[in-house]
Each structure stands twice: as C-alpha cells, then as structure tokens.
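Along the sequence shown, residues are numbered consecutively beginning with 1. Every heavy atom of this structure was used, including side-chain atoms; hydrogens, water molecules and symmetry mates were not.
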Amino acid sequence: MSGAADREVVEKQMEESSSNDGASSRDIVLGDQEKAALGQTPFPMQLPVEPAPPLSRLDSKAPKPEKDEEENYPFAHLPEHEAEVLRRQLDIPTVKVTYMMLYRYATRNDWLIMALSGLCAIVGGAVMPLMTIVFGNLAGVFQGYLYKGTITHAEFNATIAHLVLYFVYLAIAEFITIYVATAGFIYTGEHISAKIREQYLGSILRQNIGYFDKLGAGEITTRITADTNLVQDGISEKVGLTLTAVATFVTAYVIAYIKYWKLALILTSTIFAIVGTMGALGGIITKYNKKSLAAYASGGTVAEEVISSIRNATAFGTQDKLAKEYDVHLTEAEKQAFKMKAVLGSMIGFLMCFIYVSLMDMTPVAETPLLDKTSTNHAHLSPQLNYALAFWQGSRYLVAKEMSLSDVLTILLTIMIGAFALGNVAPNIQAFTTAVAAAAKIYSTIDRKSPLDPDSDEGERLKYLEGTVELRSIRMIYPSRPEVVVMENVNLLVSAGKTTALVGASGSGKSTIVGLVERFYDPVGGEVLLDGQNVQGLNLRWLRQQVSLVQQEPTLFATSIFDNITHGLIGTEHEGKSREQNTELIEQAAKMANAHDFIMQLPEGYETNVGERGFLMSGGQKQRIAIARAIVSDPKILLLDEATSALDTKSEGVVQAALDKAAQGRTTIVIAHRLSTIKHADNIVVMTQGRIVEQGKHDALLEQRGAYYNLVEAQRIAQETERTRDDSDEDEEILLFNERDGNKMAKTPATEKDQPFDSDPADLELGRTKTGKSASSKVLEGKPSDTAHKYTLWQLMRLVASFNKQEWWQMLTGLVMSVIAGAGNPVQSVFFAKSITALSLPPSEYDQLRTSINFWSWMYFMLAITQLISHGVSGVAFAYCSERLVHRSRDRSFRTMLRQDISFFDRDTNTAGALTSFLSTETTHLAGMSGVTLGTILQVMVTLVVAFIISLAIGWKLALVCIATVPIVLACGFLRFWMLTRFQTRAKVAYEKSASYACEATSAIRTVASLTREDDVWQHYHAQLVSQGSQSLKSILQSSSLYAASQSFMFLCIALGFWYGGTLIGNGEYTMFQFFLCFSAVIFGSQSAGTIFSFAPDMGKAKHAAASMKVLFDRQPEIDTWSEEGQDVTSVEGSIEFRDVHFRYPTRPEQPVLRGLNLSVKPGQYVALVGASGCGKSTTIAMLERFYDPLVGGVYVDGREISSLKINQYRNYLALVSQEPTLYQGTIRENILLGADKKPEDVSEKSIEQACMDANIYDFILSLPDGFNTVVGSKGSMLSGGQKQRIAIARALLRDPKILLLDEATSALDSESEKVVQAALDKAAKGRTTIAVAHRLSTIQKADMIYVFDQGRIVENGTHSELIQKRGRYFELVNLQSLGKNS
C-alpha cells in the first residue's frame, strides 16, 4: 500500500490499529471509516449505525439515544474462552481503601516519627487554653491589688513577674511542640507518598499493553501527579493541625468545667448555636451552589462546543448568536450564585451577632476561619451575645460568691477558644476523605496482577535459540475493541535467519503480527510459536530480550545518545558494565546503523542530549539511533514496523541502507511501506482484512498478477511522477531542507563522507545551502514577534472596576457597612474593659456591680445587632457586585475569544479545553480584586485606626508599647497563612520533574516494554525521588520553624503587654479600666488584622487573572470580525482566483504549505481539489474563507482582493461544509437557522423547508416525532454521521450562498450514508460556484475542473478523462484507490 496520496491515511491507521494508545473511540471509528475509503472495510467496526432501507429514504431512521446493551457487556457476543482472554487483559480490581490504608507503605521509622509528632501536636494544642488560666489569674491579681487591697505592692510585682514568665514558658513549649509536629508530619507524609508513587509506577510498568489501550495517556499523568499529591495532602501537616485543634477543644472544655461547671454549661450553648445556624443555612447555600454550578456547566458546554468548532462559527458569522446563547446560561448561573452568596453573607452576620468565635477578640492565635475564604469577612466575628451572656450570668454567680473574677474570665475565653478550634477540623476532614478517594484508584492499579508481567520469573528460557517464528490458526481481537476481529485463521512460518516482509493495506493486520511476536497481546485463538515452543510458556522478559523492535515513530528518551543506545543492552551480559567497556559495542552498532558519522559531527558527540522524546534530532537521525539501539544487543529476531515510512525520501535512503545491513543473518520481519525496499526479501506475505492472500518471492508474486502485482504497479507510477517532479524541484527541496533541518541541527558542520548512498539532509553541510530564501520566509522575518505584556496594578484594578461601574451604589453601601463592622471591634474593647472593671468591685459595692453589668450586657446586645446588620448588608451588597462582575467578565471574555482570528486557536496554549477552563476559573478569581476584598481591607484598616486612637486617648504609655508589638502580631498572621499555602504548593513543585520523567516513560510504554527497560526506569525514578526527598527535607525544617514561630510569638507580645501594664498599675499610674482597654484594643485588634492575609492568595490569583484578561482584551486580531473597514459587498458572481499565493501556518512557520499557488474558477463551475494529505487542499479553502491571509500573493473574488472587502459581508456569500459536521446543543431548527445571514425571525418557514429538501433531509426530519423541534444532543450526538452532515448542508444552503465550499464533506461517512449525502451535495452545487476538496476520487469525476495539488502547488489540471489520459499524478491516485478493491 503506498503512494504519497494515501501515505498519511495509512500511517494514521497503522498507529491506530497497532497501538491505539490513548486513541479515543471517535478516532478509532474515524480510522476505520477511512479504511472503508480504501475500499476494504475489514469487519463492521461499530455495529452499523444505520441500516440500508431503499435508497430514497436511506439513513432516515430516527436516532436512538439509548446506549446499546453491547456497551455494558462488551464481550457478550464472544464465546466464553475468548471473552476470558480479553477480560483478563483489561480487568482492574476494585480496592476498598480505608484511611489507615494510606499508611500501607510506612516504615517503622515513619511510625515512630508520627507517634512523636502526634504527641507534640496534642501538647501544642493544649498550650492555648492553658494560657487563659494565666490570663484569668493576672486579672485576679489586679483586682486583689486595686480593689480588695489583699496584696501588697511588693507581692504584686513579684506575682506579676512570676505569671508573665508563664507566658514565656508557654511560648517556648508552643514553639517546640508545633515545630516537631509540623516537620514530623510533613516529612513522613512526603516519605510515604514517595513510596506510593514508586509502587504505582512499578505497577504501571508491569501492566500489559492492552491495559494502556483503555487508559488515556493523560490518566497515568493525573494519577502520578494530582492524585498522589492529594494523598500526600491527607497524611501530612493536616494530620498535625487536626490533632492540635482537637486537643485545644478538649483541654479548653476540661478547664472550663473544672473552673465552674454551671457557667461553662450555659456558655456551651454557643456551640449549639453555631452548629444550628450553619446546619440550617449551610443546606440552603449548598442547594443554590449546586444550581449555580449546574447552570454554569451547561454554559461551559456551549462555550466548549463553540470554541472547538470555531472555524464553523467564523465561516457562518454566528459568533453573536452563539454568545447570546452562552449568556442565557450565565444569567441563570448569576442568579443562583447571588442567592448563595447572599445567604452566606447573612449567615456570617448571624454568627457574628451571637457567637462566632472571634479571630481577634480573645483568641491569641488566628486560626483559619471555618468558612471558605470567599465569604465576606471573618476578621471581626465578635461573639457579642456570648460576652453579654458570660458577664451577665457570671456576675450573678460572682455576687453569690460561687466563683471569682479570674474564673469568669478563664471560662469565657476557654469556651471561645474551644468552640473556635472545633471549626478548624472541618476543612481538614475534607482533605482526608479526598485522600482516601484518590488512593482507591492508585491502589487498584498497584494491586492489579498483570496477565503479561515482564517482572515475573515464571516461564521457560530456551538454552539455544534458532529464531523460527510460527503463527498457527491465529484469531486476534484487541481487548479495547472487542467488536472487531483483526485476524482470522492466520498461519505463517518465518524461517530462522531469513527476512520475511508483510505488505497490504492499512488495517490488514500487519502490525498485529509484531504485537503478537513481542507478546504485547495474547491471541484469542491459535498459538504463536518460537522454535516450536508456545510463547505463552516462555519467560516474558527473556522473550522480549531476544526480539528487537524498530517502530515507525521511534521513541528516544530524554538523555544522551550514548545512553539511548545503551538501553538496547538491557538483559545481555554487557548490562551494567562500565562506559569504557561498552563504548566499542555502542560505536559498532552506530556504524552499522549509519549513525556514527553524524553523531561524531555533533559538538558533544555521543554525549549530545536528544531532548524529550528526541525532539532535538531530525526524523532520520532519530530513526538511525533507534536502529543502533535495536541491533546493539545482536538480537536473534528483528522486527521493523514501517521503520522508514515517517521519513522523507532523502533520509529514507540512508535509513534503508542501515536496515538492510542490520537484517543480515537474523530472523527479520519487515512491515513494508515502500515495496521497492523489500524486493529482496526471502518471503513476501500479502495481507488483506486480517487474512493472508498470497505469499512468495518478489518475482514469483509478480508473475501471479494478483494483489501484490497491483500494489507494485501503483507504486511504479508514483515513483515516475515523483522523479519528474524531483528534477524540477531539486533546488527548492535542498533549500527547504536546510531551512527546516538547518534550524534544528545547525550544529552539523561536515557531510557524511564516502558513503555509497545519499546522505541524510539533516546531516548536510550547511555550505550547500542555496543562499536564496523562499518568499514566505522573507515575509515572516519582517513580522514582529508577540511580546509579553506588563501591566501595573492600577491598570488591572481599573479593568476590574470597569465591570462593576453600574453597581457603584451597592459598592458604596457595602463599603460603608464594612466601616461600621470594622469599628465594632475597638468599641467592644471599651465594653470589655468596663465589664471587667465592674466585675472587680469589692463585695461592699455589689449593687453597683449588678447595675453596671446589666447595662454593659445590654450594650453588648446592641453591638451584636449592629454587627448583624452591617455584616448582613455588606455581604448581600458585595455578593451582588461580585456576581455581576463574574457574569460580565465571562461574557466579554467569550465574545473577545470569538472575535479572534483562526490562528489564535491554532496555538497549543489556546485549545478548546484551555479556553473553556479560562472562562470558568480565571473569571471567578477576578472577584479577589473586587468589593469583597476591598471591604475586608477597609474593615481591618478601620479596626486598627480606631483601636489606636481610642487606646492612645485613654492611656498613651501602654498604648505605645502595645502598638510596638503590632508588626510582630501582623507578621505572625501573615506567616501563618503564607506557610500553610506554601506547604501545599511546595509539595506539588517538588515532584514535577520526577512526574514528567514517569509520564515520558509510560507514554512510550511499548518501547519500554520491548527494551525490557521496566526495572531501569523504576531505578531512575526511585533515585530522583530520593534526591528530591533529601532536598525538600531542608526546606521542610526551615518552613516548619517559621510556622512554629508564628504560633508562639503571640504569647510573647501578650507577656510584654501584661508586664508593662502591671508595672504601670503597680506604680498607681493606670486604673484597671485603662489597662484592659489599651491591651485588648491594640493586641487583639491587631490580631484580627493579621487574618487579612487569608485573602492574600486570592488577591494573587485575581491579579494574575486580570492580567490574562487584559492581554486577551488588548489583542487585536489581524483578521477582525468586529471591523467595519473595507469595501461593501452587495453581490457576488463567484469567479475566484489565487495569484501566486505563498502561505505558512503561523504556528508552524518552518513548514511551507502553499508555495506559489495559482488557480482560477469561473462563476458557476464545480471545481475539485485533489492530492495527498498535507498538500494544501484544505488550506486553500481556509484562505477563501479568509481564516488566514496569504504571506505573498492574493486571493481574488470577482476581481477584488478579499482582504479589501468588509469581512462579514463577504462571508455571507460563502457557505462551508466541513468533514466533521458541527451541530450545537438545541433543536434541529435552531441548528439550521444558524446558517441564516439575517435574524432568525426574518427567515421564512418555506426557505427552511426548501433548504432541507435540497439537502435530502426533509423527509427524515418529518419522520421524527418532534420534527424540527427534535433535540440533537451535545455536538449532535443523538444523530448519525450522515444525518448530521445533511443538516449541516441544509444550514449551508439556507443562506443561498454564491460560493459553496466542501471540505471532504463525505469522508467521515460509511458508504451507505455517503451515497445519500453525495446526492444532496450534487443537488446543492447546481447554479453556484462550488469548490470541493475530494477524499474519494469517485465523488468528483463529474467536476468541471480538477486541480491536482502536490506540496502546495498545482501539478496538473483538467477534467477527469483528460487527466486519466495524461497518466500522471491523478492517474496514480485513481489507481491507488481502486487497489484495495481488487485485492
């Protein structure tokens, strides 16, 4: 099977039928339909979608949305023993994972470290509540000295100093315990997850190839990166944090109940109030959140459909209609999300109002708030009602002499700290459950026993191997495609030491034989014998070490050339020997592979790194290194799977010579791509549809004039045409190669010398380059490159603000309310100091005490209501603003994307997936720079400013000392959040390099398996993990110390405040009121300010999102669909002319596509473009639609260059039907209406019906129960290929185009649907200029003019009969296509 014409098709299917790596089922179906194109569908690939009723109503069956039973039991149609063989190759056990199983790979040391860390975490948690006892005692000492007179001045000073030292001891204890706990848990988490990663990779490398056919390549990457990170997250510092929080909670409540159980019990109502409120409102929040996500998910689907079919949207000018459809979903999502955020805002108001434990009030350490950071603000959750209750009830017990002031204070503070610690457990619980879920998938792979395990020692190893391979009655089915029988009853003998060549059409089962000899798969029937022994009884690793494989697309690993060739020595006696000992072997192999000379010309010789997957080498160089790797071990059996097909003619000569040399004296199985390369084979086997049709030597087969003769004949014509073209093209060819390969390997100075064959152009001496440059490259040199944009923060803030312009008064309301909420904290310091002063009164003034406390408790109640209102209102206002912001930014981003030209979507960074996720994630991140964040910042500023002012006014000395500690307190808050986020990101970054190594190995699993490199890969990976582990240990120890410091420094600040305050009171300078006011306002106020840093990551993300958006909005596309410039187009006749058009795709500037294309089309003509894949046919269509502008030359319609016309008016006269019909979610009517060039309501019913009749689809639509209102499903999934294509034709005809462009419109269909669609196209083409890119030549025999393309130029043109008489390129293409039918 050959000829440039179908080369790419063949290659593509070869890969699919043999490897099917990560190919989606869609790709498979496509591949198989292309086989049908070659006239030799093996067996029905998919159960036929459409039966064949009489021709008039072909494929007019209503679509079946139900999935077939087949999908549930893919092997149901097979006999039990065959199903068993396939099931064994695919089955994955399900593993029930419990949390403790995450520690499956922990060593004894790990357990010891975890036990110690756990103990420290618990002690560290208990320290916090102990502090409240000291705090209460200090207040008692002040009371005794100032009011009761029970303590002398000297005693007072001594006691203060003694108690303040306790704070210092607590600080030291906290630092040590938290340090050990954090460092210990992070270390063991990393160590255990590294073990899991190793086990996972080891298990993956042991699996059989059939297992990978089912897995996407991306899935392994996800498991080894994302999923192991999730597991690590669940067994690292979060365990310590949880233990600490639980210990705090338990200790706090124990202390409170010991002090005085009645008050403790009354205040425990706090917890029930928290849980009750959150339970009630949490459910509502979740409900709205789900609705909002669902609405956005359908919006995301619309966006993804549109972006993935952007050419279609652009061609029909439907951007605006589709953007409106997207907006409908956005509006719904906004509505639900606003409800959710509004409820959330009011919930926070309630929590603040009564009980939510404050982040600052009396909790010396700012813990992560219970609610998600997106909530309006947690910096000031002042539990006002809790205070009111504690002081009011406490005063009654105090008057009754049941408890003292220090008891009241201790209980109040411990209950609050305890309740708060409980809130810290919730987010961690989620991390634990996620870790267990992620581990389930990983463990199920680790525990899977591979049916073809290369690591096992079972099976026989033959003492002496001759190398005779025999296939007996083989029946083969791939496990991933159980409905296709790939080989049926194949018998083949490959004699030892001889060369056997396999030829035949794509999909005929040639590569399958290679897979069976390598034992990548087991056949479902028959046996494969090696020297008379069934390979299933032989040791698998030994078997693969006797066989070397060179694939069509060779895979090299990202290491030096020397190491790549050394991989071939695995399993021989040379494995593991020193470099020097192996150098001679390696160089010998490189010489045999014709690679030595070019390697020696590289600056670093054999030490040259080939880059990831060998991308730094040209195709011919990679292939020769792969051949050297295959023969270095002197294998008995050599398999060459189309080893030269991916190369250009010049490199092929070099590689072919290398292969001929390599094949001498060993059993060689060659899958041939060009028949000239296998003329001298000892046996040539011709295969069709999984069967052998003839075999023998070259000459004998030619005499039979059978299938082989036809193949040879077609290729002879191909070569003659090639030769005549090559002569005329020689100059440009050399120029081209040097342009291409010169860039890649500019480091190759000298030519390969004294070689009897052509040298590889990639090794050519640069001196031979013609100095001329092609027209395109000159133009490209003058083009400016995209520069990276730098925006100032101010520019970005203005961008974000512009989305919220209309909501200025809601913003203002929210900000005013934030100010009120912020002032709540300093105000409550006044109430707190007044209440303590009142409670300190001696028994003689108990009446006064009760009156004062009642008053201040009511004041607390008033403050609570104010907080409720201010937080509630600001929450709702900001929720509204942020949802409007997200909605507008999504809408504008989507519209801006649709405005871009096609080259924007060709870039790797702008895939449909990437742009869709940009729309869903980046836009939500923007909210981090909007009102909510501003409100929080404002709130904190107000808190600090008011606190400073009040305290300086009341007692400036103590206030100044306390203010001096504010930077430390703020730093603690910042460090805490910074370290917690850093722990997570560090873990991800540390493993990126080793993960990419693992992914490289798994994505090249066939190469790894055939080289038996499994153990080698694992050892490398293990070494990388070990070195990463030791590197990260240092950073763990540093970051843990910072984290521990942030937790313990708080105690030192409190100690300083108490010591200095105590001194001032002792000297009689300050009253108790002054002390408590200054102390609580400044220290606890600044602590609440520290929590602002919980927003830092959000603001970082917001800045990044705003910058990405600004880049998008500022991008001016070269071909701008929004532009109104250009001449008006009022009518089009339809004459088309291409004048010397040169073009290269912007994403592949080194690859010329059109090289001086000239062609003209008269109005009303039906013109066909034919040629091999990649010769520029579809590009011509894209140029006509003006998806791209030519680099040189011009495209003229009716004598006017199309770039001078108004683009949207011009496109209204064109209609495009592409290979993959694009339908969007919605009804058939909506889909057809997208083709209209006016508003949907202006389109008459009659014209819709007429378009459907012309497209042969009208009867089918009427036969559906819902007619035109039938829903087509996502991307039209409810309809068959033929039905979708005809709806696409109806859509194209609805606008009555003057120029109809058909880009392989029938190639993806089976032959039955094709007839119907082709009839529709022939009807549609009447009376308008039509340009068709033809896939099957039979479909364009009636064309008025056929242009034959080759390498971006026209090589022939004329009608079908004229071109057949010329016996040139077209004749060869026709012959090639009829080949399959003869065989």
Side-chain angles (χ1 to χ4, degrees), residues 8 310-311 314 611-622 646-648 650-651 729 731-748 761-762 764 766 768-789 900-911 914-915 1111 1115-1120 1138-1158 1171-1195 1202-1203 1349-1353:
E8 277 197 22
I310 188 69
R311 284 178 159 73
T314 310
E612 194 169 333
R613 303 203 178 178
F615 77 91
L616 296 173
M617 301 276 138
S618 75
Q621 293 168 336
K622 270 201 295 202
L647 307 177
D648 51 77
K650 298 214 165 60
S651 321
D729 242 19
D731 293 352
E732 175 141 6
E733 285 284 297
I734 288 184
L735 175 85
L736 238 151
F737 279 124
N738 283 297
E739 236 172 74
R740 194 189 68 197
D741 284 318
N743 299 343
K744 267 194 191 169
M745 300 289 310
K747 298 188 282 243
T748 53
L764 281 178
L766 285 183
R768 267 186 62 191
T769 325
K770 297 280 190 292
T771 45
K773 283 206 163 107
S774 68
S776 314
S777 50
K778 285 180 189 157
V779 177
L780 284 169
E781 274 175 12
K783 285 208 173 181
S785 58
D786 279 3
T787 45
H789 299 277
Q900 303 304 330
D901 47 21
I902 301 295
S903 62
F904 172 80
F905 297 94
D906 290 342
R907 296 184 195 170
D908 291 345
T909 45
N910 297 334
T911 57
L915 293 175
V1111 171
R1115 186 178 188 274
Q1116 277 289 339
E1118 283 181 28
I1119 303 169
D1120 186 356
F1138 279 70
R1139 294 186 197 159
D1140 188 34
V1141 173
H1142 287 253
F1143 176 70
R1144 299 174 180 212
Y1145 283 103
T1147 44
R1148 299 195 303 272
E1150 73 290 342
Q1151 191 68 48
V1153 183
L1154 298 180
R1155 291 156 42 188
L1157 176 70
N1158 290 297
S1173 266
C1175 65
K1177 309 184 298 289
S1178 294
T1179 308
T1180 310
I1181 298 270
M1183 304 298 284
L1184 254 180
E1185 273 283 3
R1186 206 174 159 218
F1187 289 158
Y1188 307 95
D1189 282 336
L1191 295 171
V1192 180
V1195 181
I1202 59 174
S1203 57
F1349 273 69
D1350 190 42
Q1351 299 202 350
R1353 294 201 187 94

Query raised in the report: Do the non-hydrogen side-chain atoms of Arg1144 and Leu1191 ever get within less than 4.5 Å of each other?
Result: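 Of all side-chain heavy-atom pairs linking Leu1191 with Arg1144, at least one is under 4.5 Å.
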Query raised in the report: Is there a side-chain contact between Val1195 and Phe1138, using heavy atoms and a 4.5 Å cut-off?
Result: yes
**Report entry** Residue list, ring-ring contact (aromatic ring centres under 6.0 Å, His included) with Phe905, at least two apart or on another chain
**Finding:** none
How long is the gap from [atom1] on [X] to [atom2] on [Y], to the nearest 0.5 Å?
X: Arg1115; Y: Gln900; atom1: CZ; atom2: CD; result: 4.5 Å
X: Met1183; Y: Ser1203; atom1: CE; atom2: OG; result: 10.0 Å
X: Leu1157; Y: Lys1177; atom1: CG; atom2: NZ; result: 12.5 Å
X: Asp1189; Y: Ile1202; atom1: CG; atom2: CD1; result: 7.0 Å
X: Arg311; Y: Ile1181; atom1: CZ; atom2: CD1; result: 12.0 Å
X: Phe904; Y: Ile310; atom1: CZ; atom2: CD1; result: 9.5 Å

Report summary line: Hits for side chain to side chain contact (heavy atoms under 4.5 Å, CB included) against Thr911, two or more places apart or cross-chain, chain-then-number order -> Ala914
**Report entry** Those residues that, when tested against Asp1120, pass side chain to side chain contact (heavy atoms under 4.5 Å, CB included) (two or more places apart)
**Finding:** Arg899, Gln1116, Pro1117, Trp1122, Ser1123
Query - Considering all heavy atoms, the nearest Phe1349-Cys1175 contact - result: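 Shortest heavy-atom contact: CB-SG, 3.4 Å.
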**Report entry** Glu1118 versus Arg1186, closest heavy-atom pair with distance
**Finding:**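 Minimum heavy-atom separation between Glu1118 and Arg1186: O-NH2, 4.5 Å.
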Requested in this report: Give me the one residue out of Ile902, Thr1179, Ile1119 that meets side chain to side chain contact (heavy atoms under 4.5 Å, CB included) with Phe1187.
Outcome: Ile902
Query raised in the report: In terms of the angle between their ring planes, are Tyr1188 and Phe1143 parallel, tilted or perpendicular, with boundaries placed at 30° and 60°?
Result: tilted
Query raised in the report: Are Arg1353 and Asp1350 within salt-bridge range, i.e. N to O under 4.0 Å?
Result: no
